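Structure, as structure tokens:
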Amino acid sequence: MSRMPCEEIRMPTPQSIEELCVRAQALQGRMVCEVAQFLHVAIPKEPRRSKGFIGQLVERILGSDPAAGDRPDFTGLGVELKTIPVNTHGIPKESTFCCSIDMNTADTEKWETSRLRKRLACVLWVPIESALLAPMPARRFGVPVLWSPSLAQEACLRSDWEYLMGAIGAGYGGVLSAREGEALQVRPKAANRLVRTVAPAQDGAMQTLPLGFYLRAVFTEKILKDT
DNA sequence: GATTGATCATAC
DNA sequence: GTATGATCAATC
């Protein structure tokens, strides 16, 4: 006997920020497997091959726009959704990917109109608590936080962004490491180390590994703590 | 043990 | 291939 799998459910998009927050708060204390079951979504067996799974699960349960593309996840509300892995004390365990970098135009971009600034203008952080070695289905959602950068936070991000983008624009993208930047860092964002993109070089252009912006855990820790 | 550099899945 | 969603695992 066999039957068609149940269709995977996506909740309707929330009509207000309040509604979105209420829904996110309702996740608190729930396990990943509960939410997956509710949505008729199968849980992947290999953790190594399911890195984006929880993020996509939360998109479904909160009703983000699946066609948002380059815009915020909740296009009508201007809210970006980020799930963030935390330990039992609520401390982030990982840095947070923010956006890829268009390295080729790094020399002409301005902070005010940057992809990073837009992406971080309003973020709903949904912590996912993973106790020591907790298998993914048993991890629980924590207290969600709706955040926009404070003046001090934006100044910090801007400073890092201008330094890092300035370096890329000046032709140093190929030698930039994740050690640069206080709150922000640049790290590879690619399928593998062989991927190449075009970036400025001291003399013309070069082929180099694509980079993305990531928020350091020390920065997101304060967001979760202070907001 | 924390961090950096590398990688994995899916949609279009 | 480009974008989204991130976490894995080698290295320090």
Side-chain angles (χ1 to χ4, degrees), chain A residues 5 7-8 10 24 32 35-36 39 41-75 79-89 91-105 115-116 118-120 123-139 141-142 160 164 167-168 173-199 207-221:
Chain A
E7 192 179 342
E8 297 182 345
R10 176 180 294 275
V32 167
V35 176
L39 295 174
V41 171
I43 295 204
K45 294 193 173 76
E46 285 188 77
R48 192 170 71 84
R49 299 186 178 282
S50 49
K51 294 179 183 178
F53 177 77
I54 295 178
Q56 286 152 8
L57 191 71
V58 176
E59 286 183 347
R60 281 185 177 278
I61 194 72
L62 294 183
S64 74
D65 181 355
D70 193 35
R71 295 164 296 159
D73 294 300
F74 297 93
T75 51
V79 176
E80 175 73 15
L81 178 64
K82 291 282 179 204
T83 56
I84 181 167
V86 298
N87 64 19
T88 49
H89 305 296
I91 309 290
K93 297 172 63 168
E94 290 274 1
S95 56
T96 301
F97 172 71
C98 296
C99 62
S100 55
I101 302 174
D102 184 351
M103 300 176 74
N104 202 28
T105 60
R115 185 185 291 181
L116 184 77
K118 286 193 194 106
R119 193 63 62 90
L120 296 183
V123 179
L124 178 64
W125 299 92
V126 176
I128 175 81
E129 298 171 356
S130 45
L132 296 175
L133 299 178
M136 195 243 282
R139 295 179 191 170
F141 293 100
D160 282 341
L164 293 165
I168 294 170
V175 294
L176 218 45
S177 84
R179 295 173 185 79
E180 322 281 337
E182 288 182 28
L184 267 185
Q185 61 183 171
V186 294
R187 301 231 301 277
K189 176 56 175 172
N192 59 63
R193 78 180 84 175
L194 302 177
V195 175
R196 286 296 179 269
T197 189
V198 177
Q207 295 281 323
T208 188
L209 188 59
L211 302 176
F213 282 121
Y214 294 75
L215 286 178
R216 293 184 185 279
V218 288
F219 189 81
T220 51
E221 179 183 349

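Naming convention: chains lettered A, B, ... in sequence-line order (proteins, then strands); numbering from 1 in each chain. Values reported hereafter were calculated over all heavy atoms of this structure, with side chains retained and with hydrogens, waters and symmetry mates removed. Since the structure is predicted, the reported quantities are computational estimates derived from the model, not experimental observations.
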**Message:** At a heavy-atom distance below 4.0 Å, which nucleotide of DNA chain C is the first touched by chain A, and which is the last?
**Reply:** dT4(C) to dA9(C)
**Request:** Measure from CD1 on Ile91(A) to P on dG1(B) and round the result to the nearest Å.
**Result:** 17 Å
**Request:** Any chance you could lay out the side-chain hydrogen bond (donor to acceptor under 3.5 Å, both in side chains) test for Arg216(A) and Thr96(A), step after step, and finish with the verdict?
**Result:** CA-CA 7 Å; Arg216(A) 293 184 185 279; Thr96(A) 301; over 6 Å; no
**Request:** With sequence neighbours excluded, tell me which residues meet ring-ring contact (aromatic ring centres under 6.0 Å, His included) with Phe97(A).
**Result:** Tyr214(A)
**Item:** Partner residues of Arg119(A) under the salt bridge (Lys or Arg N to Asp or Glu O under 4.0 Å) criterion, sequence neighbours left out
**Value:** Asp70(A)
**Message:** With a 4.5 Å cut-off on side-chain heavy atoms, are Val79(A) and Pro72(A) touching?
**Reply:** no
**Request:** Return the 5'-most residue of the pair Phe53(A), Arg196(A) with respect to DNA chain C, ranking by each residue's nearest nucleotide.
**Result:** Arg196(A)
**Message:** So if I define the base as every atom that isn't primed, P, OP1 or OP2, how would nucleotides 4-12 of chain B read as a B/S/- string at a heavy-atom cutoff under 4.0 Å?
**Reply:** BBBBBS---
**Message:** Quick one, Leu124(A) and Lys82(A) - any side-chain contact, counting heavy atoms below 4.5 Å?
**Reply:** no
**Item:** Salt-bridge criterion met for Glu8(A) and Arg60(A) (N-O under 4.0 Å)
**Value:** yes
Let me have the donor-acceptor pairs involving side chains of residues 44-57 of chain A, under 3.5 Å, with sequence neighbours excluded, atom names and distances please.
unit_1: Ser50(A); atom_1: OG; unit_2: Glu46(A); atom_2: O; d: 3.0
unit_1: Ser50(A); atom_1: OG; unit_2: Pro47(A); atom_2: O; d: 3.1

For residues 175-190 of chain A, please give each side-chain donor-acceptor pair under 3.5 Å, one per line with the distance, not counting sequence neighbours.
unit_1: Ser177(A); atom_1: OG; unit_2: Arg179(A); atom_2: N; d: 3.0
unit_1: Glu180(A); atom_1: OE1; unit_2: Tyr163(A); atom_2: OH; d: 3.0
unit_1: Gln185(A); atom_1: OE1; unit_2: Arg187(A); atom_2: NH1; d: 2.5
unit_1: Gln185(A); atom_1: NE2; unit_2: Ala178(A); atom_2: O; d: 3.0
unit_1: Arg187(A); atom_1: NH1; unit_2: Ser95(A); atom_2: OG; d: 2.8
unit_1: Arg187(A); atom_1: NH2; unit_2: Ser95(A); atom_2: OG; d: 3.3

